[in-house]
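These notes are about the structure you will find just below.
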Amino acid sequence: MSFDTLGLSPTLLRAIADQNYTTPTPIQSQAIPLVLAGRDLLACAQTGTGKTAGFALPLLESLFPNGRRPTNGSRQVRVLVLTPTRELAAQVHESFRTYGRHLGVTSTTVFGGVGMQPQVDALRRGVEVVVATPGRLIDHMQQRTVDLSGVRHLVLDEADRMLDMGFLPAIKRILQALPEKRQTLLFSATFADEIRTLAARFMRDPAEVSVARRNSAAETVEHVVHPVDAERKRDLLLHLFSLDSDQQTLVFSRTKHGADRLAKQLGAAGLKAAAIHGNKSQGARTRALGDFKAGRVTVLVATDIAARGLDIDQLPAVINFDLPTVAEDYVHRIGRTGRAGCAGRAISLVSHEEGGLLADIHKVLKRDIEMTEIEGFTPSRPLRLDPRMPKPGQRNQSAPRPARPHADRSGQQRAKGHAASGRKASPRHGGQAHRQGSGAPSRRPR
Ligand code: AMP
């Protein structure tokens, strides 16, 4: 299968060739002909599958048939894309610019955290494509600084995430303000009931396409768990980076404060690190992401919300400094690595207290993850995969809390860990110091 047969004009094919894409991804080969035929589309595809080009390319073709702006084409908003986060909006916008570079498409982003005025100015000048987060778009609608009466194509990108983030009322309001005669494309990682309800209410006989979820598709990702005491995670992280400091790595922290602290500590250790989370200004987030993409920053420490949907090309490694409290977020996190067929590694530093979370992740992934202890970091308490354990961050008062060993700051506990291990680690992330069963169900305590 090649792009030539999908019905795209030579101008778009040239932009695709500029990107060195040779073969359409499954979502692209399925979605592009349907979108070009004008169908509404319900697409089950996660980030990393090439879904953005799956809608951007055919929509650009619809705006510029045969590579030309129609003679009567005025600069009205024709395509509206709604995304859950600012970062995703910026990325989708960048994709429209990249694929539309030979067409002269006009476009802008509309999201919060930055001034209204530049957006007002761009909208007043006239743009054909708007990529927006729902809240800020509503602000513009209220202030009558955006005219949506010419919208012919609507994309709801990562619709499940938008619903998770409480955007349903805003989405409904936006949908009601759009012309009824339009094409609606909905992309989501799941077809949960709320998605189907939304589709039934606002879409016309949508075609359905589905590509493998990342947790089955991402076979190129190698998962590994390093059991470690919570107090020693930072040292272990530094140890891993000392073995391979040039590798672009996205590190996940559960809290904003933790992300900041970790980025500082990594910086103090001589690594080029930055943090990205919801308390940072939009400018700081964009700068950190830009620096990371350009290689000026090698370690980006992120929280789940901030990292959602980030498109970072061919990221070789993701490290979970903390496991996510919601197991599905593990899948989203590792969606950043091993993308579009590139091999990647997902490394998790897991303490005894996180055994319950790890058990949940196994359930979602439907596979066990290899466990590898690193020499000098053997945990003082073994990692047990018990789904009944109370989850960090979700403290359950009625459940008994496991007694925590008091590793004092002077490192007495650590000394024990060191002494317990005399094994050799290999010289890369995840040295194969010691493999053990990774908590297959039969090994779990009953
Ligand atoms: P997305 O799922 O839209 O976030 O895209 C994931 C990544 O795949 C992006 O970095 C794209 O540049 C890349 N990509 C999209 N389509 C193709 C393709 N046909 N061949 C190779 N890479 C692609």
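Side-chain atoms of Asp235 and Phe377, non-hydrogen and from C-beta on, do get closer than 4.5 Å to each other.
Listed by first and then second residue, the salt bridge (Lys or Arg N to Asp or Glu O under 4.0 Å) pairs involving residues 48-60 are Lys51-Asp157, Lys51-Glu158 (not counting sequence neighbours).
For the pair Arg345 and Glu222, the salt-bridge criterion is met [side-chain N within less than 4.0 Å of a carboxylate O]. Using a cutoff of 4.0 Å between basic side-chain nitrogens and carboxylate oxygens, Asp229 and Arg232 are not scored as salt-bridged. Of the charged side-chain nitrogens involved, at least one lies within less than 4.0 Å of a carboxylate oxygen, so that Arg161 and Asp164 count as a salt-bridged pair. Comment: Arg75 does not engage Asp147 in a salt bridge, judged by the lack of any side-chain N to carboxylate O separation of less than 4.0 angstrom.
Checking side-chain atoms of Ser95 against main-chain N and O of Gln91 turns up a donor-acceptor pair under 3.5 Å. Panel note: side chain Gln248, backbone Phe292; a donor-acceptor pair is recorded below 3.5 Å. Without hydrogens or angle criteria, Lys233 side chain to Phe321 main chain gives a donor-acceptor distance under 3.5 Å. Proximity of a side-chain donor or acceptor of Thr106 to a complementary backbone N or O of Glu128 within less than 3.5 Å is detected. The backbone N or O of Ile27 lies less than 3.5 Å from no partner atom in the side chain of Gln30, so there is not a single donor-acceptor pair.
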Is there a salt bridge (Lys or Arg N to Asp or Glu O under 4.0 Å) between Glu354 and Arg254? Walk through the geometry before answering. CA-CA 12 Å; Glu354 293 172 304; Arg254 196 155 44 222; 3.7 Å; yes
Could you walk me through whether Arg234 and Gln265 pass the side chain to side chain contact (heavy atoms under 4.5 Å, CB included) test, one step at a time? CA-CA 8 Å; Arg234 190 195 57 175; Gln265 289 166 338; 2.9 Å; yes
Side chain to side chain contact (heavy atoms under 4.5 Å, CB included) between Arg285 and His277, intermediate numbers included: CA-CA 7 Å; Arg285 288 160 72 168; His277 56 65; over 6 Å; no
Show your reasoning for whether salt bridge (Lys or Arg N to Asp or Glu O under 4.0 Å) applies to Glu94 and Lys293. CA-CA 13 Å; Glu94 200 48 46; Lys293 285 188 166 190; over 6 Å; no
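In this structure Tyr99 satisfies the ring-ring contact (aromatic ring centres under 6.0 Å, His included) test with no other residue, sequence neighbours excluded. Here Phe96 pairs with nothing under the ring-ring contact (aromatic ring centres under 6.0 Å, His included) rule; sequence neighbours left out.
Residue Glu328 comes nearest to Val364 through the heavy atom pair OE2-CG2, 3.7 Å, listed as atom of the first residue, atom of the second, then distance.
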